[in-house]
Each structure stands twice: as structure tokens, then as C-alpha cells.
Amino acid sequence: MGMLGDMKVADPEIYKAIRKELKRQREYLEMIPSENFASMNVLRASGTMLNNKYSEGYPGKRYYGGNEFVDVIERLAIERARKLFGVPHANVQPYSGSPANFAVYSALCSPGDAIMGLNLTDGGHLTHGWKASITGRFFRSVPYHVKEDGYIDIQEARRLAIENRPRLIWIGSTAYTRELPFEEFATIADECGAYLVADISHVAGLVAAGVHKSPAQHAHIITTTTHKTLRGPRGAMIMVTEKGQRKDPELPDRIDKAVFPGLQGGPHDHTTAAIAVALLEASTPEFADYARQVVKNAKMLGEELMRKGVKLVTNGTDNHMLLINLTPFGKSRGVLAQEALEAAGIVANKNTIPKEPGSPFYPSGIRIGTPAITTRGMREGEMREIAGIMAEVLNQAKDYELPEDAAKREAYMRRYRKEIKANKAIKDARIKTLELCSRFPLYPEMRL
Ligand code: DSN
């Protein structure tokens, strides 16, 4: 019997949707930089009966009985996180990245405190103080930006930090393609007495493999999701560094209390087990090879795209991600390009670019990444092929222009989708992406 047992009979609707999703993942090039394909063992661990347990508290100090084996699992996850990232304290219970970040605020800040993070449309994350996030409403958010060349404006950040004396400074991003300047931000935070929190959600796998600088010597706290380049289950961790402990010996305890009972109830023990499995995998030489290849692939993809006239923010990448600026490339914008790419079998996401002339919902960029396609085994040769396909698709979409009048946009999109699906070059591109996917089978051993 397959992974889903008798679900085909017991719940045919969900069974069918899961089957279709597996087929979609197998037959599309997954290029959203925050997504990846977890190993079978990570999926197996997160699909266990650990789902059934309540374990409020921490190993050895639980509010429920029956946690003998959950304690073993959580201790292993903590130990592996500490070793992999070189930190003295790890909390593996946050449900995901946003609650992890909010737990950090709740451990360190009071409502109204000044906080700083990279502005969302410059590549920062919602939870780093964006106005639509609760973090931009509960705290006095002072965003810093990137410069004209797309690199973080360290001088502006320093000036703002000295003027505003923030309690907490974030260094991290969702759409920044260059190495994060941990050291420079540590100097700024130290100068103004702030806590420096490195949110390495995107690059955690690269940091673990030594392919991206580690923040462990520079930040006081590190947060990360576990499912992006780290290739684990959907979850998150908060780590306190030695520097953090020196600044405040109570910090580990304050973080733990902020997660539980401050913000969360019972940890998701099945996720904790899967995090532990992923951390063990991430400590292997094979994973280091994988992470190196992720970056090589992103660099190659970027070079090839630029050779074909596609403009990239910062003209390239140091990590797993590329940010395409569509403004010089015809009239098409993120939403149109995303749909055209998907019709051709490439899943990417529309994204804001620095000095965004549109809005977060109708942005001017496309964000792509190589973590998932590298997990499938693709290398530089395939990146050249993909760059060719992408450039052709973007070319097909480039003369379409979203109406200024928001009321006309829905009808326009319906017409656009029809035309794009009927477009010969896009149909040809779809044949090529299907062929590429079939050369690099995903989860070949998985039976549903
Ligand atoms: N959704 C994540 C990303 O795509 O980067 C951030 O929360």
C-alpha cells in the first residue's frame, strides 16, 4: 500500500488533490526561492503519530505526561541545531518563521519601542516592521533601504540607528541576492546598544554548509525557518549566540518563555522530529555539495539571463536567489510574467523591486531561486537551458501591460491567460520544461 493507505476510498477528494499536487511538483520547475523538496525521511518523520501528542513545556519540564520519547526527539533537535550553527542555545518549537520572529520581539521589546529592518519593497520581510504587519503597528518601525545598486545601504542604516536608538535591528531578507553584511550590522548594533537579530530563513542551508557567512559571531539572536534552503519541514528555530548570552545571560530563558507560554501552546512534535532529521542531513558532506551547487546554479542562471538582456537587481547573486527587474524589459510586470512562466512550466513569484513603482500585489519584479531544482539534481547545463526558456517566455509577455484602472484588471487577466496559453512559443517552452522534469525525476520512490 502507498503512503496514503486507503485514503483513496476513505476520502477520495483529498486523495485526488494530493495526487494532483504530487504530479504538479513532479512536472513543473519549482523556482520559488523559499521552496524546496524535503527528503523522504523528513516527510516520513513529519507524517508520524507524533502528531497526536501534547508537550507544552520543554524537555524534562512538561505540563503533560507521556513525553519520555518526545523529550528524546526535542533534545536531539536542539543538540543538532546547536552543533550545526555553532550556538549555545536553540529553541526548535516555533510553528513557523513569523511566530518565531514575533517571539523575539516579545522577548526583547515593549510596544512602541523603535525597531529597524530592511524595508519590505527593498527585499525585507513582513515581520521586520512592514506597515501591514502587526510588527509595524506594535513597534516604531524605522526601515532601512538598499542603495541605487541594490546593495543594503549600511551608511543609512547606521545613521538611522544612531538617530533612533532602536531596541532591535533585523538583518535578513526575503528578496536580497547578496551576502548579508552581518559584521557591519553588528558594529551598528553595538554602537547604539541594540540587539542584532539575524533572520537567516532564506540562507540557513547555505550558512550550515559554509557557503554563506555565518552570523553566529555577530548577532545576538538568529532566527530561521527550517523548510527553505535548509530543506526540512515547515517550522522554525530561534537560536541565542554566545555574544547574545554575553549581552544578556537571561536571553535563552527569555526566548524560551516568549515562545511558550508567551506565544504558543503545544509544540508540533512531528515537526520537531522532522527538523531533527533535516538537521542531521544538513550536517553531511552531501548536503554541503548540494548547497554549493545551489549557489553555482543561481550564478549560472543569472549570468545567462543577463546575457539574454534580462536585468537583475544587483546584476547577479551571491546566494540561491535572483531578482528580475522587469521595468527595462518591455511593459509586462510581475503578475503577467509569473503567469506566463507558469504556463511554460516554471513556477516563480512576482516580487517587489527596490524603489518599486507598482505595489506589493502588482509589483515590477520576479523572484526566482535554485534550491528545489538543485535538489532534483540539475546543474549548470540545465541552468543554461532554463535561462533560454525563461528569456523566451518573458519576451512573449513583454508587450502586455496591466491596465492602470484596477477595475479593468480582472477581465484583462482572463484574456491574457487565454492568449498566453495559446501562444506557440510558450507551448514549445512547456514541452521543454516537461522534458527537463522527466530527466530529473522527483520522489521516484513515492507511491500514494
Ligand atoms: N514566504 C516566505 C518567502 O517566500 O520568502 C517569507 O515568509
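Atoms within each ligand, like the ligands themselves, are counted from 1 in listed order.
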Would you say ligand 1 has an N or O under 3.5 Å from any N or O of K228? no
R367 heavy atom under 4.0 Å from ligand 1: yes
Just need the protein heavy atom nearest to atom 1 (N) of ligand 1, so name the residue and atom and give the distance. S34 OG, 4.6 Å
Say whether Q293 and E380, considering side chains only, have a donor N or O and an acceptor N or O under 3.5 Å apart. yes
Test of proximity, H202 against ligand 1: N or O pairs below 3.5 Å: yes
After noting the C-alpha distance and the side-chain angles of F139 and Y105, does the key distance pass the ring pair (Phe, Tyr, Trp, His ring centres under 6.0 Å) rule? CA-CA 9 Å; F139 307 104; Y105 284 107; 4.6 Å; yes
Show me which atoms of ligand 1 lie under 4.0 Å from any heavy atom of T174. 5 (O), 6 (C)
How far is atom 7 (O) of ligand 1 from its nearest protein heavy atom, and which residue and atom name does that atom have? H125 NE2, 2.7 Å
Using 4.0 Å as the upper bound for N to carboxylate O, is an ion pair formed by R307 and E304? yes
Please verify the inter-ring angle class for Y412 with Y416; under 30° counts as parallel, over 60° as perpendicular, anything in between as tilted. parallel
Classify the side-chain pair D256/H89 by whether it contains a donor and acceptor separated by less than 3.5 Å. yes
